Protein chains: 2
Amino acid sequence: MRADAQKNYDRLLTVARDVVSEQGADASLRDVARRADVGLGTLYRHFPTREALIEALLRADVDELTAKAADLEVSSTPEDALLTWLRGCVALNHEYRGVSALFTAALEDTGSALHDSCVALHDIGARLLDRAHATGVARPTVDGTDLFALVAALAWLYDQPSLAPRADHLFDVIATAILPTHQHTGFPE
Amino acid sequence: MRADAQKNYDRLLTVARDVVSEQGADASLRDVARRADVGLGTLYRHFPTREALIEALLRADVDELTAKAADLEVSSTPEDALLTWLRGCVALNHEYRGVSALFTAALEDTGSALHDSCVALHDIGARLLDRAHATGVARPTVDGTDLFALVAALAWLYDQPSLAPRADHLFDVIATAILPTHQHTGFPE
DNA sequence: ACCTGAACACCGTTCAAGT
DNA sequence: ACCTGAACACCGTTCAAGT
C-alpha cells in the first residue's frame, strides 16, 4: 500500500471509531469521510461496504478476547472461565450500538472480514462450554452456537435504553439457563 | 373525522401493512404514501411519526393476545398458560421485522400509542407469572418486566437470518430459564 | 495507484398553497 | 378541515476526471 493510501486508511479507521461510537452501526459514512478530510470515493475504495468498515473496527478486539479466553482454559474453573468468556462476548457485541446483528451474521458469512476471528472466538467458547459440560455444570442442550446467539441477544438488550438498567440482571437469568447451578455472576442486582 | 380523511386513514393502514411486511420497521414512508395514492403530508397528518404508524398497525393484535391470555388464566395450568403467553408475545414482537425495539420502548413510554395496550399485556403476563410463582414452577428472580424483555430478545433472534433455524431451540433454552422444571415447549428441535 | 467530488437516485420532514 | 406536492437538507453509491 502506498504511503498516502496507508495514511488515509488509518485516519478513516480512527475517525470511524468516533463516529460509530456516537451514531452506532448505521452511522453516516459521508460524515466519516468528511471528518477524516478524505473524499467519499476514498472511503469506498478502502471499505467497499459499511460492514467492511465496522468489521475492521472490531477485528482486533475480537482477537484479543480469543487470546484471553485461551488463558482462562487453564487458569479458571470451567464455570468461571465460561462466565468470563460470556461477559467478554457481551461487551464485544455491545462495543458499538447495533453491531450484534453484524457479529451474528459474520459467524456464518465466509465473506465477512470478521468471519475468521468470529469462528476462532466461537471455537474457544465451545471448548470452554465442553469443559463445563464434562464437569456437569452446563446444560447439555446448549451448544457453542447457542452461546453466540444468546450473547448477541443480550447485547441487543443492553442497547435498548429502557432495558439497560435491567440488563445485568437479565445476563444472570440467561447465564442460569446455561449454567443451572450457578447463582450470581457478580453483577450488582 | 371527515369521510375523506377516514378513507385516507384506512387506506394508509392497509398499504402500510404490506409495505412494513416487506421492508420491516424502517420501511420507506414515501413508498407507503405513494402506494396509497395519498400526498406525503397526508401520511404525516395521520401519523406524525413512523412509530405512530407502526403502533397503529400492531395495536389490535396486542389487545387480541391480552384477551386470549385472560382466558388462559382459568383454562390452563400455570405452566402451560405462561408458555402460551410467551409464544404469543414472541409472535407479536416478530410480526414485522425490527418492531421488538418499539415494543420494548412502548412499555415505558407513556406517549406511545401502544403504551396502554402494552401495559395491559404486561400485566396479564405478570399475573400468569405470579400464578406460576405460587405453584413453584417459575424462577422467583424473574419478574413480569423480565418476561417482556426476554420475549423481545427472542423476537430479535428470530429476525436474524442466520439464527432463525435455531430460534425455536433458543426459545426452549430461555423458557427453561423462566420455568426450570420445564423440558420442552412443543416446538420441533 | 490512488484520490476527488459531482451526479444520481433515493430518503424524512416541513409548510405554503390550494379545496 | 383536510389534502397536495414542491422544497430543503440529508443520505448511499458510482464513476469520470484528475494526479
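For clarity, every value in this text was computed on a predicted model and none was experimentally measured. To find a chain, count down the sequence lines: A is the first, B the second, and so on, and within it residues start at 1.
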Pairing check on C/dC10: which nucleotide meets the Watson-Crick or G-U wobble criteria with it, both distances under 3.5 Å?
none
Pairing nucleotide - D/dA16, Watson-Crick or G-U, each distance under 3.5 Å:
C/dT4
Starting from [atom2] on [N], measure out to [atom1] on [X] and report it in whole angstrom.
X	N	atom1	atom2	result
B/L43	D/dC2	CG	C1'	14 Å
B/R34	C/dG12	CZ	P	9 Å
A/R11	C/dC2	CZ	P	16 Å
B/L40	D/dA9	CG	C1'	15 Å
A/K7	C/dC3	NZ	C1'	12 Å
A/F47	C/dC2	CZ	C1'	15 Å
A/R30	C/dG5	CZ	P	12 Å
A/Y44	C/dA1	OH	C1'	21 Å

Does B/R59 reach the main-chain N or O of B/S117 with its side chain, forming a donor-acceptor pair under 3.5 Å?
no
What's the closest nucleotide to the [X] side chain, out of [options]?
X	options	answer
A/D4	C/dC3, D/dT4, D/dT13	C/dC3
B/T42	D/dT4, D/dG5, C/dG5	D/dT4
A/V38	C/dT4, D/dG5, D/dC3	C/dT4

Reckon [X] has a side-chain N or O less than 4.0 Å from the OP1 or OP2 of [N]?
X	N	value
B/S28	C/dG12	yes
B/N8	D/dC2	no
A/R45	C/dC2	yes
B/H46	D/dC2	no

I'd like to know if B/E108 pairs up with A/R166 as an ion pair, taking the criterion as any Lys NZ or Arg NE/NH1/NH2 lying under 4.0 Å from an Asp or Glu carboxylate oxygen.
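Salt bridge flag = no for A/R166 with B/E108.
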Less than 4.0 angstrom from a charged side-chain N to a carboxylate O is my criterion; do A/D71 and A/K68 meet it?
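Looking at A/D71 and A/K68, the cut-off is not met.
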Determine whether A/R87 and A/T84 make a side-chain contact, defined as any pair of heavy atoms from C-beta on separated by less than 4.5 Å.
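A side-chain contact exists here, since the closest heavy-atom pair is under 4.5 Å.
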Looking at A/Y158, A/F171, A/F103, which hits ring-ring contact (aromatic ring centres under 6.0 Å, His included) with A/H94?
A/Y158
